[in-house]
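Notes follow once the structure below has been shown.
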Amino acid sequence: MIQLKQICRDFEVGDQQVHALDRVSLDIDRGEYVAIMGPSGSGKSTLLNIIGLLDRPSAGSYILDGENVTTLPDAVQSRIRRDKIGFVFQFFHLVPRLTAAENTELPLVLAGFPPAERRARVDHILEAVGLAERKDHKPDQLSGGQRQRVAIARATILEPAVILADEPTGNLDRASGREVLEVLEKLNRENITLIIVTHDPDIAGRTARQIHIVDGRIDRDIATRRVHEGG
Amino acid sequence: MRAADVLRFTAKALRGYSLRTALMLVAIAIGVAAVVILTSLGEGARRFVIGEFTSLGTHLLIVLPGRSETTGAAPPLLGQTPRDLTIDDALALTRIRTVRRIAPIAVGTAAVSFGRRDRDSIVVGSTSEFLTIRHLEVGQGRFLPPADPRRASPVAVIGAKIRQELFGPKKALGGWVRIGDRRFRVIGVLASEGRSIGIDLEEVVVIPVASALTLFNTASLFRILVEARAREVIPQARRSIIETIQARHEGEDDITVITQDAVLATFDRILRALTLTVAGIAAISLVVAGILIMNVMLVAVSQRTAEIGLLKALGAPAHTITVLFVTEAGVLSLAGALLGFMAGEAGSWIIGRAYPDFPVGSPWWAVVAALTVALVTGLVFSVLPARRAAQLDPVQALSRR
């Protein structure tokens, strides 16, 4: 479902050209569980941003669900992002003044869903991530793991086809990190494509496929086809 | 995004940064309140002056000797001197149909003394009609009796202050005062009354017009006050007055007739211009508030970079971000404007309470203009920050913690 062909992404740093991505080609099928790994500055986050339509490649093409989305205008890309892609960030990025329920509701609000439907969906999804009793808490009243679960609820409320997680456990202790991963893996078993950027080998070990990026190129692409743990 | 949700989101954002919101509200409110209060003061001044004039009677015409217009090239040797405006001229005016009453006036300064007390005072020579035309009231005794204005008689009506200063605690009525080199019997005292334009009526002495002319040794009146029958006939009365006097002055048009309306209109224009100027100055504070809005919104955008990036990642297109920020500024300026309007009205009310004689009240156009300017500056000055927010690169916005 995700097809990258000869993707390049160049940045200008001072008067120097930096090739964050250099002719990356990649196919990811629906329902895959993929880890993107690599040292800092290798271009793995840039790759994730391009997949998430947050960034545009300098060259190459990106085909999502059979549609070439590389050069679509901002408004159309926004809609695709909203409908097909869910983001989970290292620093959660919850809006501090909104409650857990309101943060979760945000994509529905932006998409213009009627309030009654929003409430039903939010209740359902918070139940699913085990935060039903915490829905009226503000982010600063939640633990790190709970915040990340709110973020996951928000990422999945519009039932996206792909979840892109950038170091989702990077800011969590081991136990909460494990909890968060389990929630994500559960979604993956419901046939949502899960792509995680990480440099934690333990997390990578749980995935079915590891893509190693070094200096903007795919260094290794290993399919381990491991059976999910903990499920 | 639904409009109601935009408003709700905005309201939460405004409440989330309450200090910032409060400061912006104060800035806008001060601007609007300044416009409202200053224009109501200006408008108050206008109404006050008009009220003063109206209390003199809006049907009033004033006849002055001499002409204010420049005439055509007359041979220099035959240069015209205005003819005197006499009591007979004044009496002739009473025969005009559109004229209700007249009061000839002669004015001069003379020493007024009683016993050993002596002071200079303005002496007004007039007739019994003066009382009605100038809307005066007599405090004690009576005013000049109706009589033939050509006949001098030694009676005087004095202002309240003159009475106080000359007679002190003694009885003034029936007392004899010396004005210039003549003696007059005090028959009345004017009620102390502050409202008058021109001469302070508390410090005048009123005597019959013929006596005044003799006293000042002149034949010419200072002016004639004419009250028309109605406001509508003023132009007609004006024409008749000029014709009548012209006929009596051998065809010379040598008087000037000022209508109360013309004076009124002039004052009205001047004061309205003044109000507009003051309002314009106050409006500058609104523009300053607008620039403040822009600054604060720019700060808000950089403060909320991560949030904007997040909204984009969640699928908000650029224009939704713009709408959110412009709405935020709009709600702020509207709320600030309403607060300022209430503060301004409260201020005007307090001023009105403190000075009951002064008719304060902001004109509707000033209120509408202040609210509109506040809202428009708020919106205009928020466009730049909102666009900056919309163009924010989500990758960079989200990369920061």
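In the text below, chain A, chain B and the rest are named by the order of the sequence lines, each starting its count at 1. Just so it is clear, the model here is predicted, and its values are computed rather than measured.
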- Task: Mind running side chain to side chain contact (heavy atoms under 4.5 Å, CB included) on A:Leu106 and B:Leu311 for me, showing each step along the way?
- Result: CA-CA 8 Å; A:Leu106 219 42; B:Leu311 290 177; 4.0 Å; yes
- side chain to side chain contact (heavy atoms under 4.5 Å, CB included) evaluation trace for A:Glu105 with B:Asp5: CA-CA 11 Å; A:Glu105 191 186 26; B:Asp5 288 328; over 6 Å; no
- Can A:Phe89 and B:Leu310 be said to form a side chain to side chain contact (heavy atoms under 4.5 Å, CB included), step by step? CA-CA 10 Å; A:Phe89 308 97; B:Leu310 171 77; 3.8 Å; yes
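Counting non-hydrogen atoms of other residues, nucleotides and ligands closer than 6.0 Å to CZ of A:Phe11 gives a total above 12. By the neighbour-count criterion of 12 heavy atoms within 6.0 Å, atom CD of A:Gln17 is densely surrounded, having more than that number from other residues, nucleotides or ligands. Under a cut-off of 6.0 angstrom, the local environment of CZ in B:Arg387 is sparse, with at most 12 non-hydrogen atoms contributed by other residues, nucleotides or ligands. Taking a 6.0 Å sphere around CD of A:Glu127, one finds it holds 12 or fewer heavy atoms contributed by other residues, nucleotides or ligands. The environment of A:Asp215 atom CG is sparse: at most 12 non-hydrogen atoms of other residues, nucleotides or ligands sit within 6.0 angstrom.
Of the two parts of A:Arg56, neither the backbone nor the side chain holds a non-hydrogen atom closer than 4.5 Å to a non-hydrogen atom of chain B. Only the side chain of A:Leu98 comes within less than 4.5 Å of a heavy atom of chain B; its backbone N, CA, C and O stay farther away. When heavy atoms are compared at a cutoff of 4.5 Å, A:Pro114 approaches chain B by way of both its backbone and its side chain. With a 4.5 angstrom heavy-atom cutoff, B:Ala13 touches chain A via backbone and side-chain atoms both. Contact annotation for A:Glu102: only side-chain heavy atoms (C-beta onward) come within less than 4.5 Å of a heavy atom of chain B. Residue B:Arg15: no heavy atom, backbone or side chain, is found under 4.5 Å from chain A.
When the candidates B:Glu307, B:Arg8, B:Lys12, B:Lys312 are compared by the number of heavy-atom contacts under 4.5 Å with chain A, B:Lys12 comes out ahead. Taking A:Gln77, A:Arg79, A:Arg154 one by one and counting their heavy-atom pairs under 4.5 Å with chain B, the maximum is reached by A:Arg154. Heavy-atom pairs under 4.5 Å with chain B were tallied for A:Arg82, A:Gln90, A:Arg81; the largest tally goes to A:Arg81.
Applying a 4.5 Å heavy-atom cutoff, the residues of residues 313-330 of chain B that approach chain A are B:Ala313, B:Leu314, B:Gly315, B:Ala316, B:Pro317, B:Ala318, B:Thr320. Against chain A, the residues from residues 16-40 of chain B that qualify, each with a non-hydrogen atom under 4.5 angstrom away, are B:Gly16, B:Tyr17 in number order.
In this structure the side chain of B:Leu398 never reaches within 4.5 angstrom of the side chain of A:Asn49, judged on heavy atoms. With contacts defined as side-chain heavy-atom distances shorter than 4.5 Å, the pair A:Val109/B:Phe9 does not qualify.
B:Val395 and A:Leu54 make their closest contact through CG2-O, 3.6 Å (heavy atoms, listed as atom of the first residue, atom of the second, distance).
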